[in-house]
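Hydrogens, waters and symmetry mates are skipped; everything else that's a heavy atom, side chains included, is used.
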Amino acid sequence: MNFRVGHGYDVHRLVPDRKLWLGGVLIPHDKGLQGHSDADVLIHAICDALLGAIAAGDIGKHFPDTDEKYRNIDSKTLLQRVKQMVEDDGWAIANIDATLVMEKPRVAGYIEDMRMTLADILDTEIRNVSVKATTTEGMGFEGMEEGISAHAVSLIYKV
């Protein structure tokens, strides 16, 4: 096998008095995501996609919320560590395709910043990192602005 695909999914509740980090970018909003780390749902989904591609479990296995050393950790650091795990296993990242599912805030104006931030962390060209956002037309927990979810797919190749 020269290629592998991984899928990641994550969800966090929106709460007051937290900053909203998405794709490593601080997004102005009156709520943020609840979590043990900075709760960057997009980065967490990407981490899970990459870990899935190397059959290494999920983000909770490697960075458990029961471990105080990960409290409020910057998710960009987690993504750097996951990237290193991929490389240590003899793989390289071909591309990432990720989707945020949320009603508000609108993030279209931040997508390119997210792509650049993620590409920098993953040491790849921006054309290898896709970030999209969609709403649920008011349906479900995302539509009722209770939380944000993210899906990500990764393609890796053997080096």
Side-chain angles (χ1 to χ4, degrees), residues 1-15 18-27 32-102 107 110-134 136 140-142 146-159:
M1 266 191 320
N2 293 327
F3 293 94
R4 287 189 181 176
V5 174
H7 175 262
Y9 172 77
D10 196 36
V11 61
H12 285 275
R13 180 181 305 277
L14 279 165
V15 296
R18 288 276 293 191
K19 293 180 179 180
L20 180 59
W21 289 96
L22 296 172
V25 175
L26 183 60
I27 308 295
L33 293 171
Q34 183 179 40
H36 187 71
S37 67
D38 66 7
D40 188 326
V41 69
L42 181 60
I43 286 182
H44 293 183
I46 293 169
C47 285
D48 274 351
L50 291 167
L51 289 167
I54 62 169
D58 64 14
I59 193 171
K61 175 182 176 181
H62 298 278
F63 314 106
D65 62 6
T66 55
D67 191 331
E68 283 302 308
K69 70 182 170 189
Y70 300 118
R71 180 169 299 283
N72 297 319
I73 193 168
D74 185 333
S75 291
K76 294 186 293 291
T77 300
L78 301 179
L79 184 56
Q80 289 168 339
R81 292 181 186 173
V82 169
K83 174 192 175 280
Q84 190 61 55
M85 293 169 69
V86 170
E87 291 173 350
D88 289 349
D89 203 40
W91 298 88
I93 299 166
N95 79 304
I96 301 290
D97 183 22
T99 304
L100 285 163
V101 183
M102 56 196 291
V107 293
Y110 300 95
I111 295 285
E112 290 307 304
D113 289 340
M114 290 180 210
R115 291 180 65 217
M116 284 188 287
T117 298
L118 295 166
D120 185 53
I121 295 166
L122 298 172
D123 194 27
T124 191
E125 296 178 32
I126 193 169
R127 66 188 180 119
N128 297 329
V129 179
S130 172
V131 175
K132 305 172 298 296
T134 189
T136 60
F141 70 88
E142 298 103 336
E146 294 175 352
I148 297 174
S149 67
H151 292 266
V153 177
S154 66
L155 178 66
I156 62 173
Y157 61 93
K158 198 68 165 172
V159 290

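Annotation: side chain of L20 is in contact with side chain of I148 (closest heavy-atom distance under 4.5 Å). Looking at K83 and V86, their side chains never come closer than 4.5 Å, going by heavy atoms from C-beta outward. Between V129 and M114 the shortest side-chain heavy-atom distance does not fall below 4.5 Å. Looking at heavy atoms from C-beta onward, I96 lies out of side-chain contact with L118 at the 4.5 angstrom threshold. A heavy-atom distance below 4.5 Å is not found between the side chains of V41 and M102.
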Under 3.5 Å, which donor-acceptor pairs link side chains of residues 50-64 to any protein atom two or more places apart or in another chain?
from: D58; atom 1: OD1; to: G60; atom 2: N; distance (Å): 3.2
from: D58; atom 1: OD1; to: K61; atom 2: N; distance (Å): 3.0
from: H62; atom 1: NE2; to: A56; atom 2: O; distance (Å): 2.6

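In this view, T136 satisfies the side chain to side chain donor-acceptor pair (under 3.5 Å) rule with no residue, not counting sequence neighbours. Applying the salt bridge (charged side-chain N to carboxylate O under 4.0 Å, His left out) test to K19 and every residue at least two apart in sequence or in another chain returns nothing. Residues satisfying the salt bridge (charged side-chain N to carboxylate O under 4.0 Å, His left out) criterion with E112, sequence neighbours excluded, are R115. A49 pairs by the side chain to side chain contact (heavy atoms under 4.5 Å, CB included) definition with A152, S154, not counting sequence neighbours. Scored by the side chain to side chain contact (heavy atoms under 4.5 Å, CB included) test, V153 finds V5, H7 as partners (sequence neighbours excluded). The ring pair (Phe, Tyr, Trp, His ring centres under 6.0 Å) test applied to Y9 returns H151, not counting sequence neighbours. Looking at residues two or more places apart in sequence or on another chain, you find a side chain to side chain contact (heavy atoms under 4.5 Å, CB included) between A39 and H12, R18, L33. Legend: residues meeting salt bridge (charged side-chain N to carboxylate O under 4.0 Å, His left out) with D89, ordered by chain and number and at least two apart, are absent.
For residues 116-129, every residue pair satisfying the salt bridge (charged side-chain N to carboxylate O under 4.0 Å, His left out) rule, not counting sequence neighbours, is listed here: E125-R127. Listed by first and then second residue, the salt bridge (charged side-chain N to carboxylate O under 4.0 Å, His left out) pairs that reach into residues 35-53 come to none, sequence neighbours excluded. Screening residues 70-79 for salt bridge (charged side-chain N to carboxylate O under 4.0 Å, His left out), with sequence neighbours left out, gives E68-R71, D74-K76.
Of all heavy-atom pairs spanning L42 and G23, the tightest one is CD2-CA, 3.6 Å. Between A133 and V107 the shortest heavy-atom distance is CB-CG2, 3.6 Å. Taking all atoms of both residues into account, the shortest heavy-atom contact from A150 to L100 is CB-CD2, 4.1 Å. The minimum heavy-atom distance between R81 and Y70, with the atom names listed, is NH1-CE2, 3.5 Å. Taking every heavy atom of both residues into account, Q80 and I121 meet most closely at CG-CG2, 3.6 Å. Summarising the geometry of V101 relative to E142, their closest heavy-atom pair is O-CG, 3.3 Å, with the distance given to 0.1 Å.
Going from atom CD1 of I93 over to atom OG1 of T124 covers 7.5 Å, rounded to the nearest 0.5 Å. With rounding to the nearest 0.5 angstrom, the CG atom of L155 is 10.0 Å from the CG atom of N128.
Judged purely by distance below 3.5 Å, without hydrogens or angles, the side chains of D10 and H44 pair a donor atom with an acceptor atom.
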task: Evaluate the criterion side chain to side chain contact (heavy atoms under 4.5 Å, CB included) for residue pair D88 and M85; output intermediate values, then yes/no.
output: CA-CA 5 Å; D88 289 349; M85 293 169 69; 5.6 Å; no
